[in-house]
Q: 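Quick one: the structure is below, and I'll ask about it shortly.
Values below: all heavy atoms of this structure, side chains included; hydrogens, waters and symmetry mates excluded. Sequence lines set the chain letters: A, B, ... in the order given, protein chains first and strands last, and positions in each chain run from 1.
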2 protein chains.
Amino acid sequence: MSIDHRSHTPLYMQLADLLRDRIESDELPSGAPLPSEARLSQEYGLGRVAVRKAISVLRSEGLVTSSRGQPTRVRPRPKQRLVEILPGSTISARTPNSNERRQMDTAEGVPILEVRSPDGTVQTFPADEVALSCL
Amino acid sequence: MSIDHRSHTPLYMQLADLLRDRIESDELPSGAPLPSEARLSQEYGLGRVAVRKAISVLRSEGLVTSSRGQPTRVRPRPKQRLVEILPGSTISARTPNSNERRQMDTAEGVPILEVRSPDGTVQTFPADEVALSCL
DNA sequence: GATAATTTGTACGTATGTATA
DNA sequence: TTATACATACGTACAAATTAT
């Protein structure tokens, strides 16, 4: 379970895979801090660029959140609430751009669910908080 | 419409905003090549790191695709086909991780739509190709 | 077919800024 | 205040894939 510097798989991807495993196996549970970038650098013998790129992969997958001054943490996943939608509705999903993300205050890696009701109205929901139930 | 080096907004974000505007206004239409990283560097007086980060933002939003040896291009958006789902189905959306993306052969920035039918079966669709219609 | 030029990808190092504890 | 941690941004070098010559 370590980094192979001679592998064809990029170093950052190997590290991302390692960390993802530790998150999905709950060895790094919800809310837990990841080791700092400096620590990961030393631990695995990588430069900081590779470490940051690995973490950015996890961030874009919605698995972790980073903010200045604090350690990167495993992103707590809110319980999804069920939203009921009417027959005849159309549902689509997309990735919000940075401005939309700011407005909706959602984390990186969280898609947007869009529901177009039969009457033409459109509703949007962050996909980590909402699941849709077709009546 | 240029880069302000004294702004509080990061340079890469300013460039991402500029390029996003040019894509969404169709000045850079579907399939069109973006200027090369070297060209953007010169054009806007930025280092390559800032340029690459800007493009990575657009890639994660599903707006462009990059591959080695070829210019980064505006990602052609396939026409969505409508998939009908049964009443009682539950719909959710999520960002696939890198391995899932490889398996489903979807681009970065394309969420996955997941449908759990009343009989318990689960179907997954790339959200750029499929929209769901609730019967 | 072989070479060269172009373009993106990976990875290193360094420096400075900013938010948090 | 100090130390820690992440964010931004510069530079360099080489690898790998594609395209043009």
Q: Whole angstroms only, please: what is the CD1-P distance between A/Ile55 and D/dT8?
A: 14 Å
Q: Where the side chain of B/Ala50 is defined as all heavy atoms beyond and including C-beta, which of C/dT8, D/dC10, C/dG13 is the nearest nucleotide?
A: D/dC10
Q: Test for a donor-acceptor pair under 3.5 Å between the base of C/dA11 and the side chain of A/Arg48, counting only N and O atoms.
A: no
Q: Pick base, sugar-phosphate or nothing for B/Leu46, based on heavy-atom distances below 4.0 Å to the nucleic acid.
A: sugar-phosphate
Q: State whether B/Tyr12 places a side-chain N or O below 4.0 Å from either non-bridging phosphate oxygen (OP1 or OP2) of D/dT8.
A: yes
Q: Just to confirm, is there a sub-4.0 Å distance from OP1 or OP2 of D/dA9 to any side-chain nitrogen or oxygen of B/Lys53?
A: no
Q: CZ of A/Arg73 versus C1' of C/dT20: gap in Å, rounded?
A: 11 Å
Q: Treating A/Glu100 as the side-chain partner and A/Asn97 as the backbone partner, does any N or O pair qualify as donor plus acceptor under 3.5 Å?
A: yes
Q: Measure the distance from NE2 on B/His8 to C1' on C/dA19 and round it to the nearest whole Å.
A: 15 Å
Q: B/Arg68 has a side chain; which of C/dC12, D/dT8, C/dT10 sits nearest to it?
A: C/dT10
Q: Atom CZ of A/Arg6 to atom C1' of C/dA11: distance rounded to whole Å?
A: 18 Å
Q: The side chain of B/Leu11 is closest to which nucleotide in this list: D/dC10, C/dC12, D/dA7?
A: D/dC10
Q: Would you check if the side chain of A/Ser7 reaches a backbone N or O of A/Asp4 as a donor-acceptor pair within less than 3.5 Å?
A: no
Q: According to the Watson-Crick and G-U wobble definitions, with both distances under 3.5 Å, which nucleotide is paired to D/dA17?
A: C/dT6
Q: Assign each of A/Gly45 and B/Ser67 to its nearest nucleotide of DNA chain C by heavy atoms, then name whichever residue's nucleotide is nearer the 5' end.
A: B/Ser67
Q: Please report the distance, rounded to the nearest Å, between NE2 in B/His5 and C1' in C/dT16.
A: 16 Å
Q: To the nearest angstrom, how far is B/Tyr44 atom OH from D/dA9 atom C1'?
A: 18 Å
Q: Roughly how many Å is it from CD1 in B/Ile3 to C1' in D/dA9, rounded to a whole number?
A: 13 Å
Q: Decide yes or no for B/Val64 and B/Arg75: does some side-chain heavy atom of the first lie under 4.5 Å from some side-chain heavy atom of the second?
A: no
Q: Checking the side chain of B/Ser25 only, and the main-chain atoms of B/Asp21 only, is there a donor and an acceptor separated by less than 3.5 Å?
A: yes
Q: Side chain of A/Ser41, backbone of A/Glu37: donor and acceptor closer than 3.5 Å?
A: yes
Q: For C/dG9, does either OP1 or OP2 sit under 4.0 Å from a side-chain N or O belonging to B/Arg52?
A: yes
Q: Less than 4.0 angstrom from a charged side-chain N to a carboxylate O is my criterion; do B/Arg20 and B/Glu61 meet it?
A: yes
Q: Picking from C/dT8, C/dC12, D/dC6, which would you name as closest to the side chain of A/Glu37?
A: D/dC6
Q: Expressed in angstrom and rounded to an integer, what is the separation of A/Arg59 atom CZ from D/dA5 atom C1'?
A: 13 Å
Q: When you get a sec, tell me which of C/dT10, C/dT20, D/dC6 is the closest nucleotide to the side chain of A/Gln70?
A: C/dT20
Q: Return the 5'-most residue of the pair B/Pro71, B/Pro10 with respect to DNA chain D, ranking by each residue's nearest nucleotide.
A: B/Pro10
